[in-house]
Amino acid sequence: MATCGKRHNEFLSMFKQMTLRGFLTRHAHNEGLDPSLICLIENIASACRVIGDRLRNAVFEDNLGLAGETNVQGEDQKKLDVIADEAFIRICGSSPRLAALVSEEREDAMWFKEPQAGDFLLFYDPLDGSSNTDVNLSVGSIFSICNVETNGDRDIQKAGRSQNCSGYAIYGPTMMLVLTVGSGVFGFSCEYGTGDFRLTHPRMTIPTETSEFAINASRYRFWDAPVRRYVDECLAGNTGPRGRDFNMRWTASMVAEVHRILTRGGVFLYPADDGNRAAGGKLRLLYEASPMALLVEQAGGAATDGHSRILDLQPKGLHQRVPVILGSANEVGRIAKYHTADAGSAAS
Ligand code: AHG
Ligand code: MN
Ligand code: MN
């Protein structure tokens, strides 16, 4: 037993020695990861490191509060939204195979070169949960990478299933980078001092069962029947139809919600409701829903808009919004079933 524990500790400390570059190089060697992707992922990691520094020093650098502009979504931009967006462009824009990027903060795609087959398209939310910056709670950056399919192809509206990498940085008590390059989800913690991202969370998985849900319950009056039914049943606890008590969390930062779900399970809902239906939902498909859906599926969970798998949705615009329900597979399946049953009863 003691030997077993010792081996486990040795194994863990070996992992903690592995840097992001070491991990990606090994993946390129053993699992056929495109080596030119390594440079782009490392540039994303550098951009996130810079954003983490700006966040930590924001109060000293007078970077809290509003920028005084609205973005393409009509949302007030924070100074830090703009700073984070500029860091991504400055650092990732120099990646040799990056053809174009799409940012939450910019109306149009930004092209860097004539697209060639195998080049990369980068989609990102530079600062997610930015309403939390002034109150010093966790925020993040979300990213997604797809390939250009053929020379000269400027089609940028890619379905989530064509992503070859997605991930996020979380700026929490520990800054982390969590990513998938298509086989499993790996978490790297940024070591204070060296700034290295080291593999501390190999193969993150989401348990299929959970007793924790996350939703902005202040929108209860707007919800559709299937969402009300699901939440009402959770709230009823051990004397209700679920026969057990549920816990609830809401951080208003999708990155923090997904990170919690990847760490201990749970389900996250930002559904379509009467208040956001005209816009299509709240969260954006290309740089919020799709990258998180890939991570969640790679960790053994599920992600749906209530009717369809998020990764199968065909985008109709760069900033398209979609309903999002993701996390532990059994709960997501249950909520999807409630939507199907409701659609059936409405039709009959
Ligand atoms: P962003 O800061 O990039 O605009 O995203 C905020 C998103 C998401 O992170 C979070 O889940 C949700 O908006 C919070 O919405 P509420 O303000 O309705 O709670
Ligand atoms: Mn966001
Ligand atoms: Mn944002």
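Please read all numbers here as calculations on a predicted model, not as lab measurements. Just follow the structure's listing: the first ligand is 1, and inside any ligand the first atom is 1.
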Mind checking whether [X] has a heavy atom under 4.0 Å from ligand 1?
X      : answer
Thr251 : no
Glu288 : yes
Val139 : no

Any N or O of [X] that comes nearer than 3.5 Å to an N or O of ligand 1?
X      : answer
Arg284 : yes
Gly129 : yes
Ser253 : no
Leu283 : no

### Message
Looking at Asp245, I'd like to know if its CG atom is crowded, meaning that more than 12 non-hydrogen atoms belonging to other residues, nucleotides or ligands lie closer than 6.0 Å.
### Response
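Enclosed.
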**OP:** Check the surroundings of atom NZ in Lys113: do more than 12 heavy atoms from other residues, nucleotides or ligands lie under 6.0 Å from it?
**Re:**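 Result for NZ/Lys113: enclosed.
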Salt bridge check, [Y] against [X]: does any charged N sit closer than 4.0 Å to a carboxylate O?
X      : Y      : answer
Arg198 : Glu191 : yes
Lys79  : Glu61  : no
Arg161 : Glu297 : no
Lys78  : Asp81  : no

Pick from Leu64, Asp85, Val139: which one makes a side chain to side chain contact (heavy atoms under 4.5 Å, CB included) with Leu80?
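That would be Leu64.
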Angular separation of OD2 (Asp125) and OD1 (Asp128) seen from the Mn ion (ligand 2), to 10°: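 Reported to 10°, the angle equals 100°.
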To check your reading of the model: name the closest protein heavy atom to atom 17 (O) of ligand 1, its residue, and the distance in Å.
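For atom 17 (O) of ligand 1, the nearest protein heavy atom comes out as Lys282 NZ, 4.0 Å.
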Inset, instruction - Would you kindly specify which portion of Glu104 sits under 4.0 Å from ligand 1, judged on non-hydrogen atoms: side chain, backbone, both or neither? - result: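 The answer is the side chain of Glu104.
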Gln73 and ligand 1 - part of the residue with a heavy-atom distance under 4.0 Å
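Neither; nothing of Gln73 gets under 4.0 Å from ligand 1.
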Taking 2.8 Å as the cut-off, does an N/O/S atom of Leu127 lie below it from the Mn ion (ligand 3)?
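Yes, within the cut-off.
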Does Glu104 put an N, O or S atom under 2.8 Å from the Mn ion (ligand 3)?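 Yes, Glu104 qualifies, because one of its backbone or side-chain N, O or S atoms lies under 2.8 Å.
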Practice item. Start with the C-alpha gap between Glu104 and Gln73, add the side-chain angles, then the distance that decides, and say whether side chain to side chain donor-acceptor pair (under 3.5 Å) holds. Key: CA-CA 8 Å; Glu104 179 194 349; Gln73 344 262 342; 4.6 Å; no
**OP:** Mind telling me whether Phe23 and Phe186 have parallel, tilted or perpendicular rings, with 30° and 60° as the class edges?
**Re:**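 Because their plane-to-plane angle lies in the 30° to 60° range, the rings of Phe186 and Phe23 count as tilted.
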Note to self: Of all the N, O or S atoms in Glu288, which has the shortest distance to the Mn ion (ligand 2)?
What the structure shows: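 For Glu288, the N/O/S atom sitting closest to the Mn ion (ligand 2) is OE2.
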Taking the minimum heavy-atom distance to atom 6 (C) of ligand 1, which of Asp125, Asp81, Asn71, Asp128 ranks first?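 Nearest heavy atom to atom 6 (C) of ligand 1 lies in Asp128.
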